[in-house]
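Written out below as structure tokens is the structure these notes cover.
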Amino acid sequence: MLKPQQLLADRLAGVEEVECITPDLNGVPRGKVMTLRGFLEGQRLQLARGVLLQCIMGGYPPTRFYGGDDGDLLLVPDLRQLHLIPWCERPRALAVCDAEELKGEGSPLSTRALLKRIVAAYARQGWQPVVATELEFFVFAPHGDPQMPFQPPIGLDGRREAGFSAFSMSSSNGLRPFFDDVYRCMAALGLPRDTFMHEMGISQFEINLLHGDPLQLADQTFLFKHLLREVALRHGLTVVCMAKPLAGVPGSSMHVHQSVVEQESGRNLFSDGDGEPTPAFRHFIGGQQRALADLTLLFAPHVNSFQRLYHPYASPNNACWSYDNRAAGLRIPASPAVARRVENRLPGADANPYLAIAASLAAGLFGMLQQVEPSAPLQGEFQVPESLILPSSMPVALARLEHSRLARELFGEEFIEGYIASKRLELMDFLDEISPWERRILAGQV
């Protein structure tokens, strides 16, 4: 029988280098490239601890938020997420890594470690959360001038897509070769897809990943976003996962579907023997209602995130719940009792999938353990109660998170303080710029 190291060497035959990556607080892949020899020998791979708090525009908060000495942590490959990279011309591999402290445990600044801790908290109750993600994104023509709006690619008919084409099956946009390549790369990375569709926006699309283990789904979503950008470059396209890249059209979400099953039996805890909703189902919703306002910045992490939420059609900025109603932030899709689940519609496509899933599941677990009762479900067109309105701007969401005792209980003081410090820098950087609207409107009027 071949030894594990030999099996690994055979699997990586022809590979020269391995990209060892881990998500930072924004879900951006960070890491180092290692030689195949070093990887197979288990060479120790270290990364500056502060990288996990790197701001989206670069730069870092003060070192006190990630250790005053700015020391290292370890990148430890998860061999379940080791893949040959299908978009590289020369053989190359990619490994998703855990970010661990030098003494061995997962770093409190790592969003992947954070999600693992939340799943472990469920396991201590004999439970297993099950999730699925729906990711929306835009495909645009190459874009080199940030002063100009994005444009869809020129289609086979010589025109750019101009109207809303939700659920369109037409190939006129000329993107079929791009998506064929996306599907090929997904298969190579072991990313099973459920459904795919043209969404409501101009050149906007959505893919649904199959439900499963939360860490696996977060890894798959993380890898899929990375894959999209890399494949788009090969086709001369630009893929954008901003929450609101175009004015006047819907933004892009990352809805998270959630249920909880017994570890031993696999029974859905949200349905009883007669197929009726259970107290656990109510309490899961109640926990999300209690926590979502405090945790909004984890689901909507950027200034642009609130451009999506400010226009609430299909992007509800509320903690209401409803049966099969897309105006509610917490929607219960129509399904058989065995598949009863709660869809969190708050996260945008720009959210870190590890953090969004961890925050949503942590809120639900809090509700189940504390037996938090939800409000009554709302149906049809409804007025959102003031108590269930969520923060509608980044400064408000930042303040809400900063003053949240619950957030610190769920995720730890070090992570919340570091996250806030990085987000405050990002907000300040945004406010240092003057927008075209201000120059166009205010300069001649005030």
Side-chain angles (χ1 to χ4, degrees), residues 115-134 192 194-195 208-218 254-293 295 299 316 318-347 356-380 382 384-385 387-388 406 409-410:
L115 176 56
K116 291 174 77 171
R117 290 200 299 274
I118 299 301
V119 173
Y122 275 87
R124 288 194 291 272
Q125 305 297 322
W127 303 334
Q128 169 66 39
V130 178
V131 304
T133 57
E134 302 175 354
D194 187 6
T195 58
N208 298 344
L209 299 178
L210 286 172
H211 64 276
D213 172 76
L215 182 64
Q216 183 181 42
L217 262 292
M254 186 185 66
H255 298 158
V256 179
H257 292 251
Q258 313 152 96
S259 58
V260 182
V261 301
E262 285 184 339
Q263 283 185 321
E264 291 188 3
S265 68
R267 179 180 66 86
N268 188 341
L269 294 178
F270 291 170
S271 299
D272 65 18
D274 296 323
E276 296 300 316
T278 62
F281 172 71
R282 296 198 316 271
H283 298 153
F284 187 93
I285 295 171
Q288 299 215 313
Q289 287 191 312
R290 181 78 61 85
L292 286 188
L295 306 181
F299 302 112
N318 65 66
C320 301
W321 75 283
S322 182
Y323 287 97
D324 201 21
N325 187 335
R326 287 177 171 82
L330 300 170
R331 171 178 172 255
I332 314 305
S335 66
V338 69
R340 180 171 279 116
R341 61 194 185 275
V342 179
E343 177 189 9
N344 183 347
R345 296 175 62 79
L346 180 60
I357 293 171
S360 201
L361 291 178
L365 180 61
F366 165 78
M368 293 173 74
L369 295 179
Q370 300 299 319
Q371 299 185 353
V372 179
E373 289 292 338
S375 65
L378 299 175
Q379 297 301 139
F382 58 82
V384 178
S387 62
L388 296 177
L406 177 60
E409 291 175 357
L410 295 177

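Below, each value reflects all heavy atoms present in this structure, side chains not excepted, and no hydrogens, waters or symmetry copies.
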Shortest non-hydrogen contact between [X] and [Y], atoms and distance:
X: Leu209; Y: Ala132; value: O-CB, 3.6 Å
X: Ala356; Y: Met254; value: CB-CE, 3.7 Å
X: Pro214; Y: Val131; value: CA-CG2, 3.6 Å
X: Leu346; Y: Pro316; value: CD1-O, 4.3 Å
X: Leu378; Y: Pro385; value: CD1-CD, 4.2 Å
X: Arg267; Y: Ser271; value: NH1-O, 3.6 Å

Rounded to the nearest 0.5 Å, what's the gap from [atom1] on [X] to [atom2] on [Y]? Could you check?
X: Gln379; Y: Trp321; atom1: CD; atom2: CH2; result: 8.5 Å
X: Asn208; Y: Thr195; atom1: CG; atom2: OG1; result: 3.5 Å
X: Met368; Y: Trp127; atom1: CE; atom2: CH2; result: 4.0 Å
X: Ile285; Y: Glu373; atom1: CD1; atom2: CD; result: 10.5 Å

Decide yes or no for [X] and [Y]: does some side-chain heavy atom of the first lie under 4.5 Å from some side-chain heavy atom of the second?
X: Asn268; Y: Phe281; value: no
X: Ser360; Y: Gln288; value: yes
X: Leu388; Y: Gln289; value: yes
X: Asn325; Y: Phe382; value: yes
X: Gln128; Y: Asp213; value: yes
X: Val256; Y: Phe299; value: no
X: Ile332; Y: Val342; value: yes
X: Leu292; Y: Leu330; value: yes

### Message
Between Lys116 and Leu215, is the side-chain contact (heavy atoms from CB on, under 4.5 Å) condition met? List the steps.
### Response
CA-CA 7 Å; Lys116 291 174 77 171; Leu215 182 64; 3.9 Å; yes
### Message
Around atom CZ of Arg290, are there more than 12 heavy atoms from other residues, nucleotides or ligands closer than 6.0 Å?
### Response
no
Are the side chain of [X] and the backbone N or O of [Y] linked by a donor-acceptor pair below 3.5 Å?
X: Asn318; Y: Gly329; result: yes
X: Asp274; Y: Glu276; result: no
X: Tyr122; Y: Val260; result: no

### Task
Say whether Asp272 and Thr278, considering side chains only, have a donor N or O and an acceptor N or O under 3.5 Å apart.
no
### Query
Between Ile357 and Gln258, is a side-chain contact (heavy atoms from CB on, under 4.5 Å) present by the stated rule, with each step listed?
CA-CA 9 Å; Ile357 293 171; Gln258 313 152 96; over 6 Å; no
### Task
Taking salt bridge (charged side-chain N to carboxylate O under 4.0 Å, His left out) as the test, write out the residues that go with Glu343, two or more places apart.
Arg331, Arg345
